[in-house]
Amino acid sequence: MERTLIGELSAHVGEEVCITGWVDVRRDQGKMVFFDFRDRSGKVQGVCLPGSEALETAKETGKEYVVRVEGVVNKRPEKNIVADRQNGDIELEVKKLTIVSKAATLPFDTDAELNLDTLLDYRPLTIRRERERAIFTVQREIVAAFREYLDSQGFTEFQAPKLVGDDAEGGAGVFKVEYFKDRNAYLATSPQLYKQMMVGAFERVYAAGPQFRAEKHATTRHLNEISMLDFEMGFIKSHEDVMRMIEGVLQHTTKRLAERAQDAFAATGATLPLTPESFPVLKLREAQKILGAAEEPDLEPEQERAICEWAKREKGSDFIFITHYPVSKRPFYTMEDENDPGFTKSFDLLFRGVEIVSGSQRVHEYDMLVEKIRAKGLDPEKFSFYLMAFKYGLPPHGGIGMGLERLTQKYLGIDNVKEATLFPRDMNRIDVLLSSSIPDESDDA
RNA sequence: GCGGUGGUAGCUCAACCGGUGGAGCGCUUCCCUGUCACGGAAGAGGAUGCGGGUUCAAGUCCCGUCCACCGCGCCA
């Protein structure tokens, strides 16, 4: 018999169907047994009535067993209807129950709050939990919204390389790769330079993919491997055009989540953010004045939290742009504001207390860019590949980089970014997959 | 890297001023014909992260070490 998805059972009342999935719960009543069955589309209650042929199998079928069930979809009697639950008005009367795969007892409580260590040590299993499925459903929708919106705005997606040459840029800690002959190679910390080159051909581009930072930090918001959402756009008037675009991305994201991830938000107890038509904007110095803080080159984490509270209270927004960071604090490709010398046409976007986006207008004029590289104490020679794009005509442009895990974390009000990361890597955590004992087929060649 | 807090049953936690460890959930066995976190009865399960020290006696105090969480630093 053809498989029917659990989510579609309500259209088959009175019919004989076959479902496959997992046992979510078994409630053994002695002469009869109840189940909750689960597949990718949802859950449904199954009943093994007294005298049923399936009863014997039902008794030995535990949580997480993979099963195939043949049965009849029945309307539930009035008194047994459970409101507020998927398929709460129907149930599957089990006629035939087949165990497809047995399952050992789970080493943690399915519904309880778990310590982060437990959650991640048992990741292959904890992703089955309702809360975790909700988190990564939201994450998928965020990525989909990013692509969908930028596609509608004439952007082209491209694959940025993850292995890059000399660490010409300095800055963030890099992972060195020992492989390439007579050359140092590193894992990419950003697709920045490649995005800019791509503007020369496609004007508007974006890239979504992993980036690597070899920094020994232990915070609730840092990871050594992150999923970055980056875009870069040509023919802009200023960094404000870039700000409008990321605003559009996030408005679209909130809208899409409201339409398609309501269940996930309900499952995590999160609320959708206040996402106004245009986000409040403050220069860094203005923000510091509001907070009564000194004019430092950047905001402290505590100040980021405080200014976000201000934006929510005073402007009804969970998002706020902070612009005009000093030249010293920003990378060489950031354009200085001719109307505000010493400060850049750059911005961070803060969301619910943390920085989720960095962006700016970039320097597009060749001679000025060479000069800026020198001013940062770097060698333009090492940037010749990159500079080629500028030497042969690149329009005014700008763009952003956005951390997917942080964005997911903040959309759902999660405390630690690692909870919003499927397989987080940090100094002390990398999956043990027995990789050293698994032969690599490509080695045989 | 620095500071704070913590590490006790499979999970989540409790154990006062030092006196040979408990609960809930889970697990095992039995009972249960409408449950939906089913319910009921009984039971198993622990060298208290690791190493040293103080003490008649250490989960508890001291030193070291490892790990985790939180904050900071760092962070194109």
Side-chain angles (χ1 to χ4, degrees), chain A residues 24-37 43-52 55 62-63 74 76-89 91 93 104-122 125-126 129-130 167-174 188-193 195-196 211-224 226 228 230 298 300-302 305 325 328-334 344 346 348 354-355 357-360 362 372-373 376 378 399-401 403 406 415-416 418-419 426-429:
Chain A
D24 204 54
V25 183
R26 186 189 66 183
R27 293 180 290 275
D28 190 342
Q29 302 259 304
K31 297 276 191 312
M32 62 191 294
V33 177
F34 293 93
F35 289 99
D36 289 343
F37 295 118
K43 295 180 190 176
V44 70
Q45 167 161 284
V47 208
C48 242
L49 292 171
S52 161
L55 203 58
K63 181 162 172 53
N74 290 329
R76 289 205 199 186
E78 197 67 41
K79 65 183 170 69
N80 287 333
I81 288 177
V82 180
D84 298 337
R85 183 181 304 187
Q86 182 187 19
N87 291 326
D89 56 339
E91 64 187 7
E93 186 187 335
T105 305
L106 287 175
F108 53 83
D109 290 354
T110 312
D111 299 316
E113 268 194 37
L114 299 178
N115 289 321
L116 192 54
D117 239 14
T118 309
L119 186 75
L120 298 177
D121 284 347
Y122 296 111
L125 306 176
T126 54
R129 286 159 41 106
E130 187 164 14
D167 175 40
E169 246 188 298
V174 290
T189 59
S190 161
Q192 181 60 36
L193 308 187
K195 279 193 300 177
Q196 292 185 263
Q211 303 294 332
F212 306 89
R213 309 262 164 108
E215 282 146 16
K216 300 182 179 184
H217 34 217
T219 75
T220 56
R221 59 192 184 284
H222 287 100
L223 297 161
N224 287 321
I226 56 184
M228 288 290 285
D230 271 88
D298 201 355
E300 302 290 325
E302 192 186 336
R305 292 190 283 270
Y325 290 83
S328 64
K329 186 67 187 171
R330 290 281 164 156
F332 67 82
Y333 50 75
T334 313
T344 55
S346 67
D348 279 359
V354 302
E355 174 197 328
V357 173
S358 275
S360 69
R362 325 298 193 187
K372 292 274 187 187
I373 289 171
K376 288 279 180 181
L378 301 167
I400 62 99
R406 271 194 200 179
D415 291 333
N416 192 314
K418 290 175 197 167
E419 283 181 65
D426 63 36
M427 280 296 289
N428 294 301
R429 181 175 295 282

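These numbers were taken from a predicted model, which means no experiment stands behind them. Chain A is the first sequence line, chain B the second, and so forth, proteins listed ahead of strands; every chain is numbered from 1.
- Rounded to an integer number of Å, the gap from A:I226 CD1 to B:C75 C1' is 10 Å.
- The CG atom of A:L378 sits 13 Å away from the P atom of B:A76 (whole-angstrom rounding).
- In terms of the salt bridge (charged side-chain N to carboxylate O under 4.0 Å, His left out) criterion, residue partners of A:E419 (sequence neighbours excluded) are, by chain and number, A:R131.
- Closest to the side chain of A:N115, from the set B:G34, B:U12, B:G10, is B:U12.
- Distances shorter than 4.0 Å separate some side-chain N or O of A:T118 from OP1 or OP2 on B:U12.
- Distance check, rounded to the nearest 0.5 Å: CD of A:Q45 to CZ of A:R27 gives 5.0 Å.
- Base pairing in RNA chain B yields stems of at least 3 consecutive Watson-Crick or G-U pairs, both distances under 3.5 Å, namely B:1-7 with B:66-72, B:10-13 with B:22-25, B:27-31 with B:39-43, B:49-53 with B:61-65.
- Residue A:E91 is classed as a base contact, given a heavy-atom separation below 4.0 Å to a base.
- Rounding to whole angstrom units, CD of residue A:E215 and P of B:C75 are separated by 7 Å.
- If you take CG of A:L114 and P of B:G10, they are 15 Å apart, rounded to a whole angstrom.
- In terms of position along RNA chain B, the nucleotide closest to A:T220 lies nearer the 5' end than the nucleotide closest to the other residue of the pair A:T220 and A:P191.
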If the sugar-phosphate is the primed atoms plus P, OP1 and OP2 and the base is the rest, what is the B/S/- string for nucleotides 38-44 of chain B, using protein heavy atoms under 4.0 Å?
B------

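- Base orientation of B:C17: syn (glycosidic angle within 90° of 0).
- Taking atom CG of residue A:D111 and atom C1' of nucleotide B:C25, one finds them 10 Å apart after rounding to whole Å.
- Annotation: salt bridge (charged side-chain N to carboxylate O under 4.0 Å, His left out) contacts of A:R221 (sequence neighbours excluded): none.
- In this structure, A:D89 has no side chain to side chain donor-acceptor pair (under 3.5 Å) partners at least two apart in sequence or on a different chain.
- Comparing the C1' positions of B:G40 and B:C32 gives an interatomic distance of 8 Å, to the nearest angstrom.
- The residues A:R330 and A:D348 are annotated as salt-bridged, a charged nitrogen and a carboxylate oxygen being separated by less than 4.0 angstrom.
- Among the atoms of the strands shown, none is found under 4.0 Å from any heavy atom of A:L106.
- Listed pair A:N80 / B:C36 fails the phosphate criterion, with no side-chain N or O lying under 4.0 Å from OP1 or OP2.
- Not a single donor-acceptor contact under 3.5 angstrom links the side-chain atoms of A:E300 to the base of B:G71.
- Residues A:L119 and A:R330 each lie close to RNA chain B; by heavy-atom proximity, the contact nearer the 5' end of the strand is made by A:L119.
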Is there any protein nitrogen or oxygen under 3.5 Å from a nitrogen or oxygen in nucleotides 65-68 of chain B, and what are the pairs?
| unit_1 | atom_1 | unit_2 | atom_2 | d |
| --- | --- | --- | --- | --- |
| B:A68 | OP1 | A:N428 | ND2 | 3.3 |
| B:A68 | OP2 | A:N428 | ND2 | 3.0 |

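- Following rounding to the nearest Å, A:Y122 (OH) and B:G26 (P) show an atom-to-atom distance of 18 Å.
- If you check distances only, the side chain of A:R76 does reach the base of B:C36 with a donor-acceptor pair under 3.5 Å.
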Taking only N/O atoms, report every protein-nucleotides 5-9 of chain B pair under 3.5 Å with atom names and distance.
none

Working for side chain to side chain contact (heavy atoms under 4.5 Å, CB included), residues A:F34 and A:Q29:
CA-CA 8 Å; A:F34 293 93; A:Q29 302 259 304; 3.7 Å; yes

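- Residue A:P301 is in sugar-phosphate contact alone, with no base atom involved, counting any heavy-atom pair closer than 4.0 Å across all strands shown.
- Here A:P107 lies in heavy-atom contact (under 4.0 Å) with sugar-phosphate atoms only.
- When rounded to the nearest whole Å, the span between NZ of A:K329 and C1' of B:A76 equals 10 Å.
- Qualifying salt bridge (charged side-chain N to carboxylate O under 4.0 Å, His left out) partners for A:R26, counting only residues two or more places apart in sequence or in other chains: none.
- Judged by distance alone with a 3.5 Å cut-off, no donor-acceptor contact links the side chain of A:S358 to the base of B:A76.
- Applying the ring pair (Phe, Tyr, Trp, His ring centres under 6.0 Å) rule to A:Y325 yields no partners; only residues at least two apart in sequence or on another chain are considered.
- Using a 4.0 Å heavy-atom criterion, one finds that A:F34 contacts the bases of the nucleic acid, with or without backbone contacts as well.
- A:E302 pairs by the side-chain contact (heavy atoms from CB on, under 4.5 Å) definition with A:R305, not counting sequence neighbours.
- Side-chain N/O atoms of A:R221 include one lying less than 4.0 angstrom from OP1 or OP2 on B:C72.
- Shown here are the salt bridge (charged side-chain N to carboxylate O under 4.0 Å, His left out) partners of A:E93, two or more places apart in sequence or in another chain: A:K95.
- Remark: A:K63 pairs with A:D24, A:R38, A:L106, A:T110 by the side-chain contact (heavy atoms from CB on, under 4.5 Å) rule, at least two apart or across chains.
- Classified by its glycosidic torsion, B:A68 falls in the anti category, the angle being over 90° from 0.
- With rounding to whole Å, A:D109 atom CG is found 10 Å from B:C25 atom P.
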